[in-house]
Amino acid sequence: ASEEKGEIARLASFVGAIAIADLVKSTLGPKGMDKILQSMGQGEKITITNDGATILKSIYTDNPAAKVLVELSKTQDDEVGDGTTSVVVLAGELLREAEKLCNLHIHPQTIVQGFREACTCALEAMEGLSFSPKDEEDFRASLVKCAKTVLSSKILTGDKDHFARMAVDAVLRLKGKSGLESIQIIKKHGGTLSDSFLDEGFILDKKIGVGQPKRVENAKILVANTAMDTDKIKIYGARVRVDSMDKVAMVEKAEKDKMKKKCEKIIDHGINVFVNRQLIYNFPEQLFADAGVLAIEHADFVGVERLAAVTGADIASTFDHPEECKLGEAAVVEEIMIGEDKLIRFKGCSTGEACSIVLRGASTHVLDEAERSLHDALCVLYRMTEDRRVVPGGGCPEMVMAKAVEELAAKTPGKRSLAMESFAKALRGIPTTISENAGLDSTDLIAQLRAAHALGKSTNGVDILKGTMGCMKECGIFESYKVKNQMVTSATEAAEMILRVDDVVKCAPRQREQ
């Protein structure tokens, strides 16, 4: 095993973590740039993105502190969906400031204590800045504004009004119930991003069997995961020896009869739509067509589970007790065309929350990035249905928090006050980075913002489009309070964790006994 101690270990941690933060720094804000991620494996897959979590997930890092930041962005993505870049940049700025304090021979535990007090103070200041919408109409307007803010730094920024409304409509349909599983995102090549639309129903990317009805009204749906391909001889691991062709025909007839009985049992459930996870061979497909049942085969597992949840059905694998099997219901099941492809739409499902967002775009890369962007917006909006509070965006909350922390530092005796001042400086690193990425004079802008906040203009932030300082409420730039809260808390905790390190032990792999 090898070991790094004291200053060397701490320096290695700082360098690794700051390098990771600098990697994603240029993607922050509305004018942030994208990164191309090229895999070195087979096929050399390419991803083009400016989503912090996606970038950090794709890179291999050997530094333990860097891995902490990668995990940090993943947690932020899982918890609230947005702010994955901000949280890493903030943690990086905190560590950059902490490194300066360590060089002044201030004990890391003192810095940690100062950071903790500063974090509590900052969150209180942000809570004072936050406000809740007055009524449902105001809440919807806040959701649209927050969705626009999330999408303004993504590929969808050109059509953010269209996508923001689409995301809000989709989330409000959920009525605060079940997670985002009921919202399905389907990607289809062709057209432009502005051709994307929200469909009130569940769309399954499959085709209807041959000779079966293309439209069924008042559908009774049986969702199953069962083998429907045993009408040919296929007895696993067994050998059938026969002494004449008649016997072969008898075995085949027995198999066919078995399948026919199974199909009859399924039809006896009183259904007119049958969705199966596995293949349906030609013979059972023909039997279903004769009975006027619409059969869908090979619906992928996620599709089957979602469909069962949306239509209120159970996933069945045996069919002996029709009375115990819960069937799904839909007003209409029909075949639709999107671009060149045929898909199946389930409209008027028993749970009215389901909907599908169909994304159109020129290439796979565009569609993948559009899906990631829209998913971020949907996650933020879904979290906002739990906690409705919003704060002004554009670096405004960071300036408010920094001001409150500096005021606390002025009243605090001892070395902790230095840590608090560093915390405030790190918070201002977010609006600094946003304005730098837009090619603005960040030093001048941040100085103007500090002066404005000192004079009590607490809603001022960076207006990127005009390249000046502006009131965020007038610009309609709002962010979810929950996202910001999670960002500050997570970044502080990660920075504390890395700061506490004074020893890195690398263990050699265990020797195998010969």
Side-chain angles (χ1 to χ4, degrees), residues 163 165-189 191 195-209 212-226 266 269 271-278 280 288 293-316 325-360 367 370-371 374-375 377-379 381-382 385:
F163 281 99
R165 280 196 299 275
M166 207 155 71
V168 170
D169 287 341
V171 168
L172 289 179
R173 281 178 72 86
L174 297 176
K175 303 182 182 80
K177 289 185 205 162
S178 63
L180 293 170
E181 290 82 36
S182 299
I183 301 173
Q184 190 187 21
I185 298 177
I186 293 173
K187 297 176 287 187
K188 284 285 161 204
H189 286 201
D195 295 338
S196 306
F197 63 92
L198 175 75
D199 197 291
E200 296 182 3
F202 185 86
I203 296 177
L204 199 61
D205 196 354
K206 294 289 156 194
K207 291 183 177 66
I208 294 173
Q212 293 168 353
K214 302 291 185 203
R215 179 185 167 94
V216 175
E217 293 186 3
N218 298 325
K220 293 274 179 281
I221 305 160
L222 178 62
V223 183
N225 183 8
T226 185
I266 291 169
H269 281 65
I271 59 166
N272 48 16
V273 178
F274 177 64
V275 184
N276 193 22
R277 160 84 180 83
Q278 300 178 36
I280 302 177
F288 286 131
V293 172
L294 187 157
I296 303 162
E297 65 172 3
H298 236 247
D300 55 67
F301 198 68
V302 177
V304 165
E305 288 212 322
R306 267 191 181 149
L307 185 63
V310 164
T311 55
D314 289 338
I315 298 178
C325 184
K326 194 177 171 198
L327 300 178
E329 290 177 0
V332 180
V333 177
E334 60 186 349
E335 190 173 70
I336 58 167
M337 289 280 290
I338 296 176
E340 303 288 307
D341 302 328
K342 290 177 180 173
L343 299 96
I344 305 162
R345 175 168 61 191
F346 295 77
K347 211 173 179 186
C349 300
S350 57
T351 55
E353 298 110 39
C355 60
S356 300
I357 293 173
V358 179
L359 291 176
R360 309 299 310 280
L367 286 171
E371 185 190 20
L374 194 59
H375 185 261
L378 290 170
C379 285
L381 296 177
Y382 183 65
T385 57

- Query: For K220, does its backbone N or O pair with a side-chain atom of N272 as donor and acceptor, under 3.5 Å?
  - Reply: yes
- Task: Look only at the side chain of K207 and the backbone of K342, and say whether a donor-acceptor pair between them is shorter than 3.5 Å.
- Result: no
- Item | Which atom of A313 lies closest to which atom of G328, heavy atoms considered | CB-N, 3.3 Å
- Query: Are any non-hydrogen side-chain atoms of L294 and I296 less than 4.5 angstrom apart?
  - Reply: yes
- Query: Are there more than 12 heavy atoms of other residues, nucleotides or ligands under 6.0 Å from atom NZ of K187?
  - Reply: yes
- Item | side chain to side chain contact (heavy atoms under 4.5 Å, CB included) partner of C355, the single match among R173, M166, Q184 | R173
- Return yes if some donor-acceptor pair links the side-chain N/O of E335 with the main-chain N/O of K214 below 3.5 Å, else return no. no
- Query: If you round to the nearest 0.5 Å, how far is CD1 of I203 from CG of L307?
  - Reply: 12.5 Å
- Query: Are the side chain of S196 and the backbone of R360 linked by a donor-acceptor contact shorter than 3.5 Å?
  - Reply: yes
- Stepwise side-chain contact (heavy atoms from CB on, under 4.5 Å) check, I357 with L374: CA-CA 10 Å; I357 293 173; L374 194 59; 3.6 Å; yes
- Which heavy atom in L327 sits nearest to a heavy atom in H269, and how many Å separate them? CD1-O, 3.6 Å
- Query: Between CG of L359 and CG of L367, what distance do you get to the nearest 0.5 Å?
  - Reply: 6.5 Å
- Item | For F274 against A224, the heavy-atom pair lying closest together | CE1-CB, 3.6 Å
- Nearest-0.5 Å distance that lies between atom CG in L198 and atom CG in D169: 6.0 Å
- Message: Side chains of V275 and K206, heavy atoms from C-beta outward: is any pair under 4.5 Å?
- Response: no
- Message: Please report the interatomic distance CG(N225) to CG(N276), rounded to the nearest 0.5 Å.
- Response: 6.5 Å
- Crowded around E200 CD? As in, over 12 foreign heavy atoms under 6.0 Å? no
- Evaluate the side-chain proximity of I183 to Y382: yes if any heavy-atom separation is below 4.5 Å, no if none is. no
- Message: How long is the straight-line distance from CG of D341 back to CG of D205, given to the nearest 0.5 Å?
- Response: 7.0 Å
- Minimal non-hydrogen separation, Q212 against F288, with atom names: NE2-CB, 4.0 Å
- Item | Euclidean distance, T385 OG1 relative to L174 CG, rounded to 0.5 Å | 7.5 Å
- Message: Using side-chain contact (heavy atoms from CB on, under 4.5 Å), reason through V293 and L222 one step at a time and then give a plain yes or no.
- Response: CA-CA 11 Å; V293 172; L222 178 62; over 6 Å; no
